[in-house]
A.B. asks: 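Structure provided below as structure tokens; questions to follow.
Fair warning: this is a prediction, and the values are worked out from it, not measured in the lab.
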Amino acid sequence: MPPTRLRHDEVTRLALERIRRDLQQRPHHRSVLVAHTFVAGGESSESERELTVGNVDRVSVEAFTGFDYVALGHLHGSQQLDGPRLAYSGTPLPYSFSEQHHTKSVRIVELNAAGQPTVEIVPLQVGRSLATIEGCIEQLCRDPQFEAAVEARVRVILTDEVLPLQAMARLRERFPHVAELRHRPPELLRSTASERHQQVQQAASPFELTSAFFADQQGRSANSAEAELLQQALEAAARGGER
């Protein structure tokens, strides 16, 4: 029989048990454990990489029993999981827009003679702030309500029905630190997989198939000018790409 593969929680517990046995030989010492892991109950963001399916990578809080203070790394938000004794300090800078509401900080920890921690959280306030703004391009480029985002690192969600030409260049005229652009047109209704399969089966011509794809991607049918461009592209493809 092949050996059973241990889960991350089990491996961590085995390692911590060895450390606890060593601590038993040092009865008057205070203990600080540093661990880079995902403890169950921690609040994650889009920045952390998921390496497993489900929750098999999680380590329970109970695994860290017996240590005076546990300094955790991996999760990017500052948080504590067992009072001040077990905590993530978080990253000093944000790594994605999912962290835009984090208050980046460091933790100054003091242990008394009994090993009880006293923690001071010091905000860092370093680096450029993050902001997500949403609206049509004309509104974003002109409306005074977005003035606070001018000096921030910006994620823009454009709600124009059609993605404007040179959208990023236009946005950078007002928001010089824009880092991400997403297009979210209103009432975008995409077909289901079965509906797309049916459209392929029912398409009587390459033009109908291309038009159906356009409608699925844009959430609307092509207008006359767009339909003409699609037809010209198909005709050019049929000639081997010659215009």
A.B. asks: Going from OG1 on Thr159 to CG on Leu140, what distance comes out if it is rounded to the nearest 0.5 angstrom?
C.D. replies: 7.0 Å
A.B. asks: Would the number of heavy atoms belonging to other residues, nucleotides or ligands and lying under 6.0 Å from CD of Glu43 be above 12?
C.D. replies: no
A.B. asks: Mind listing the closest non-hydrogen atom pair of Leu72 and Leu86 along with its distance?
C.D. replies: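 Result for this residue pair: CD1-CD2, 3.2 Å.
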A.B. asks: Same hydrophobic cluster for Leu163 and Leu171, using side-chain heavy-atom links shorter than 4.5 Å among ILVMFWY?
C.D. replies: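 Shared cluster, yes.
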A.B. asks: Roughly how far, to the nearest 0.5 Å, is CE of Met168 from CZ of Arg172?
C.D. replies: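 Separation between the atoms: 4.5 Å.
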A.B. asks: Show the nearest heavy-atom pair for residues Arg153 and Ala179, with the distance to one decimal.
C.D. replies: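 Looks like CG-CB, 4.0 Å.
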A.B. asks: Show the nearest heavy-atom pair for residues Asp9 and Ser60, with the distance to one decimal.
C.D. replies: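 Answer, listing the atom of Asp9 first, then Ser60: OD1-N, 3.1 Å.
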A.B. asks: Side chains of Phe64 and Asp82, heavy atoms from C-beta outward: is any pair under 4.5 Å?
C.D. replies: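 They are not in side-chain contact.
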A.B. asks: Under a single-linkage definition using a 4.5 Å side-chain heavy-atom cutoff for Ile, Leu, Val, Met, Phe, Trp and Tyr, are Val150 and Leu158 assigned to the same hydrophobic cluster?
C.D. replies: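 Yes; tracing contacts between hydrophobic side chains, which count when under 4.5 Å, links both residues.
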A.B. asks: Looking only at side-chain N and O atoms, does Ser96 offer a donor or acceptor that is under 3.5 Å from a partner on Ser98?
C.D. replies: yes
A.B. asks: Going only through I, L, V, M, F, W and Y residues with side-chain contacts under 4.5 Å, is there a path from Ile157 to Phe146?
C.D. replies: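 No; tracing contacts between hydrophobic side chains, which count when under 4.5 Å, never links both residues.
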A.B. asks: Holding to side chain to side chain donor-acceptor pair (under 3.5 Å), I want the full list of residues that pass it with Arg174, two or more places apart in sequence or in another chain.
C.D. replies: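 Per chain and number, Arg174 pairs via side chain to side chain donor-acceptor pair (under 3.5 Å) with Glu147.
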A.B. asks: Arg21: what forms a salt bridge (charged side-chain N to carboxylate O under 4.0 Å, His left out) with it, not counting sequence neighbours?
C.D. replies: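 In terms of salt bridge (charged side-chain N to carboxylate O under 4.0 Å, His left out), with neighbours along the sequence ignored, Arg21 is linked to no residue.
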A.B. asks: Go through the structure and list residues passing salt bridge (charged side-chain N to carboxylate O under 4.0 Å, His left out) with Asp143, not counting sequence neighbours.
C.D. replies: none
A.B. asks: Look at atom CG of Leu165 and say whether more than 12 heavy atoms of other residues, nucleotides or ligands are closer to it than 6.0 Å.
C.D. replies: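 No, CG of Leu165 has 12 or fewer neighbouring heavy atoms, counting only those of other groups under 6.0 Å.
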A.B. asks: Could you please spell out the steps behind the side chain to side chain contact (heavy atoms under 4.5 Å, CB included) verdict for Leu14 and Leu6?
C.D. replies: CA-CA 10 Å; Leu14 288 172; Leu6 295 177; 3.8 Å; yes
A.B. asks: Between the side chains of Arg13 and Glu10, is the shortest nitrogen-to-carboxylate-oxygen separation below 4.0 Å, so that they form an ion pair?
C.D. replies: no
A.B. asks: Please examine the side chains of Arg107 and Gln80, heavy atoms only from C-beta on, and report whether any two atoms are closer than 4.5 Å.
C.D. replies: yes
A.B. asks: For residues Ala149 and Val154, report the shortest heavy-atom separation together with the two atoms involved.
C.D. replies: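 In terms of heavy atoms, the two residues are closest at O-CG2, 3.3 Å.
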A.B. asks: Just verifying a value: how many Å separate Phe175 CZ and Ile133 CD1, rounded to the nearest 0.5 Å?
C.D. replies: 3.5 Å
A.B. asks: Please tell me if the side chains of Arg20 and Phe67 come closer than 4.5 Å, counting only heavy atoms from C-beta onward.
C.D. replies: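 Of all side-chain heavy-atom pairs linking Phe67 with Arg20, at least one is under 4.5 Å.
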A.B. asks: Listed by chain and number, what are the salt bridge (charged side-chain N to carboxylate O under 4.0 Å, His left out) partners of Glu120, not counting sequence neighbours?
C.D. replies: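 Residues passing salt bridge (charged side-chain N to carboxylate O under 4.0 Å, His left out) with Glu120: none at all.
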A.B. asks: Sequence neighbours excluded and cut-off under 3.5 Å, please list the side-chain donor-acceptor pairs for residues 31-40, or say none.
C.D. replies:
residue, atom, partner, partner atom, Å
Ser31, OG, Asp68, N, 3.0
Thr37, OG1, His8, NE2, 3.0

A.B. asks: What distance do Thr118 atom OG1 and Tyr69 atom OH have between them, rounded to the nearest 0.5 Å?
C.D. replies: 11.5 Å
A.B. asks: Are Leu229 and Phe207 grouped together when hydrophobic residues (ILVMFWY) are joined by side-chain heavy atoms under 4.5 angstrom apart?
C.D. replies: no
A.B. asks: Are Gln100 and Thr132 linked by a side-chain donor-acceptor pair shorter than 3.5 Å?
C.D. replies: yes
A.B. asks: Mind listing the closest non-hydrogen atom pair of Glu161 and His183 along with its distance?
C.D. replies: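 Nearest heavy atoms, Glu161 then His183: O-CE1, 3.8 Å.
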A.B. asks: Hey, could you give me the CG/OG distance between Leu75 and Ser45, rounded to the nearest 0.5 Å?
C.D. replies: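 Taking CG in Leu75 and OG in Ser45, the distance rounds to 7.5 Å.
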A.B. asks: Under 4.5 Å between any side-chain heavy atoms of Val106 and Pro92, yes or no?
C.D. replies: no
A.B. asks: What's the verdict on side-chain hydrogen bond (donor to acceptor under 3.5 Å, both in side chains) for Ser78 and Lys104, showing C-alpha distance, side-chain angles and the deciding distance?
C.D. replies: CA-CA 7 Å; Ser78 175; Lys104 298 302 183 180; over 6 Å; no
A.B. asks: Please check if the side chain of Thr91 supplies one atom and the backbone of Pro94 the other of a donor-acceptor pair under 3.5 Å.
C.D. replies: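 Such a contact is absent between Thr91 side chain and Pro94 backbone.
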A.B. asks: Could you tell me whether Gln166 atom CD has more than 12 heavy atoms of other residues or ligands within 6.0 Å of it?
C.D. replies: no
A.B. asks: Looking only at non-hydrogen atoms, find the nearest pair between Thr103 and Pro123 and report the distance.
C.D. replies: CG2-CB, 4.3 Å
A.B. asks: Does any N or O in the side chain of Asn112 come within less than 3.5 Å of the main-chain N or O of Ala114, such that one atom is a donor and the other an acceptor?
C.D. replies: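 It does hold such a pair.
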A.B. asks: Is it true that Tyr88 and His74 have ring centroids separated by less than 6.0 Å?
C.D. replies: no
A.B. asks: Could you tell me which residues satisfy salt bridge (charged side-chain N to carboxylate O under 4.0 Å, His left out) with Arg170, sequence neighbours excluded, listed by chain and number?
C.D. replies: Glu138
A.B. asks: Flag yes if Leu81 and Val59 sit in one hydrophobic cluster, no otherwise; membership is Ile, Leu, Val, Met, Phe, Trp, Tyr, and two members link when side-chain heavy atoms are under 4.5 Å apart.
C.D. replies: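 Yes, one cluster joins them.
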A.B. asks: For the pair Gln79 (side chain) and Gly77 (backbone), establish whether a donor and an acceptor sit closer than 3.5 Å, ignoring hydrogens and angles.
C.D. replies: yes
A.B. asks: So, taking the atom named OH in Tyr95 and the one named NE2 in His102, what distance separates them when rounded to the nearest 0.5 Å?
C.D. replies: 13.0 Å
